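Just below is one structure, and these are the notes that go with it.
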Amino acid sequence: MPYEKLEISTPKPVLSWANHSLGADETKMAKNVASLPFVFKHVALMPDVHLGKGALVGSVVATKEAIVPAAVGVDVGCGMCAIKTPFTASQLEGKLKQIRLDIEAAIPVGFHENKETDKTVLNWQGWREFKDLHSGVQRLETKAMKQMGSLGGGNHFLEVCVDAEEQVWLMLHSGSRNIGNMLAQNHIGSAKELAKLADNRLPDPDLAYFIAGTPEFAAYWHDLQWAQGYARFNRDVMMARFKRVVEKHLAGGKPTKALLSVNCHHNYAEKELHFGEEVYVTRKGAVRARSEDYGIIPGSMGAKSFIVKGKGNAESYCSCSHGAGRTMSRNKAKLQFSLDDLIQQTDGVECRKDAGVLDEIPAAYKSIEQVMANQSDLVEVVATLKQVVCVKG
DNA sequence: ATGTCC
């Protein structure tokens, strides 16, 4: 399905790949962003678009000579990692429960962190730059080290999946933990201070921005790129441990070679070339999908997930959706559904089925199949995955 | 999302 040009009166057009119309709050948010003077060409909305803070989750905002830190958000570098293993579904038989318990033992989830920092984590080159980070986060170095290789909470998860050819995949969703959050919050605060001092007229205080060439922009950009690197390596560390757990059960502990590896951000900003111009591209709940890019689009805990390859669609700034997108808030989901609903909707998945994850119930999300149909001009499907084990943060 | 609400 191609995009629809939304009838929102702003200086810049808003192109939407969603097949649903936006609510009043969502329309206002799209309009606010599209009215910023430094927005490039147009704003692109992915098919899973929904309300966020400052900017819509599932939006791609390209900007010239400026950036909006709140549009990137606080979970800097949040994204997905997946590997295709040489194992097949039949090898998993009778082992799911033990695999799940071993994943939980190997990777701290929720508010837990690593007790010790192993060599792989200590050798990360990013620690050498830690002293150069801004906004006085140096006291958080020990915590950042212990959180490297930990999942976090919310909708962060680890899954063992099986594709249509019965091949086993490992997949996980996580970000830059507390350190990325702290850096982002500090810079968002600094942008708001600057806006107040300059008496900027903003459609939303969360759209305070930094201008390229200023020290504040440079400081934010530096910390942003660092946090994105932290998030990517965090996923690599967890995936290595995850792979070892599965190898222990399926290969007698022998190391195996992944048949395909993907590690993509869906909450980040990058300098890119679009329509012949260098721009800052903020993907807030969106994945880069140039023709050579692999991406991961997860469904909810009872639904399918997709490994995709980009089609390099220029109008979308070479992007695609980051998931199914919520249809209702976490609070509403908790009120509307029961534990029985959750048990029914996650049938066949080895996972938690308690009140603590009720807000992640599949029915609180859009249909991933519909979302995929809406972006057939943005990505092609490489593999369709169904989870058999799901560990929630 | 977040040592989850100083």
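Order of the sequence lines fixes the chain letters, A, B, ..., with proteins taken first and strands second; residue numbering starts at 1 for each chain. Because the structure is a prediction, the values reported are computed rather than measured.
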Exercise for the section: Examine B/dG3: is either OP1 or OP2 under 4.0 Å from a nitrogen or oxygen in the side chain of A/N178? Give yes or no. Expected result: yes
Practice task
Tell me yes or no: between the side chains of A/T256 and A/E247, is some donor less than 3.5 Å from an acceptor?
Solution key: yes
Practice task
With heavy atoms under 4.0 Å as the rule, sort A/G152 into base, sugar-phosphate or nothing.
Solution key: sugar-phosphate
Handout entry: Interatomic distance, A/N267 CG vs B/dT2 C1' [rounded to whole Å]
Key = 14 Å
Practice task
Give the rounded distance in Å between these two atoms: CD of A/E141 and C1' of B/dG3.
Solution key: 17 Å
Practice task
Assess the side chains of A/H249 and A/D102: does a donor N or O sit below 3.5 Å from an acceptor N or O?
Solution key: yes
Handout entry: Rounded interatomic separation in angstrom, taking CG from A/L151 and P from B/dT4
Key = 17 Å
Handout entry: Residue pair A/D340 / A/Q344, side-chain donor-acceptor N/O under 3.5 Å
Key = no
Exercise for the section: For A/G154, answer base if it contacts any base atom (sugar-phosphate contacts may also be present), sugar-phosphate if it contacts only those atoms, and nothing otherwise; contact means non-hydrogen atoms under 4.0 Å. Expected result: sugar-phosphate
Fill in the blank from the handout: Here the distance between atom P of B/dT4 and atom CZ of A/R330, to the nearest Å, is 17 Å
Handout entry: A/K392 side-chain N/O to A/R352 backbone N/O, donor-acceptor pair under 3.5 Å
Key = no
Problem - Sugar-phosphate only, base, or nothing, as touched by A/R139 at under 4.0 Å among non-hydrogen atoms - result: base
Problem - Side-chain N,O (A/Q185) to OP1/OP2 (B/dT2) below 4.0 Å - result: no
Problem - Sugar-phosphate only, base, or nothing, as touched by A/G180 at under 4.0 Å among non-hydrogen atoms - result: nothing
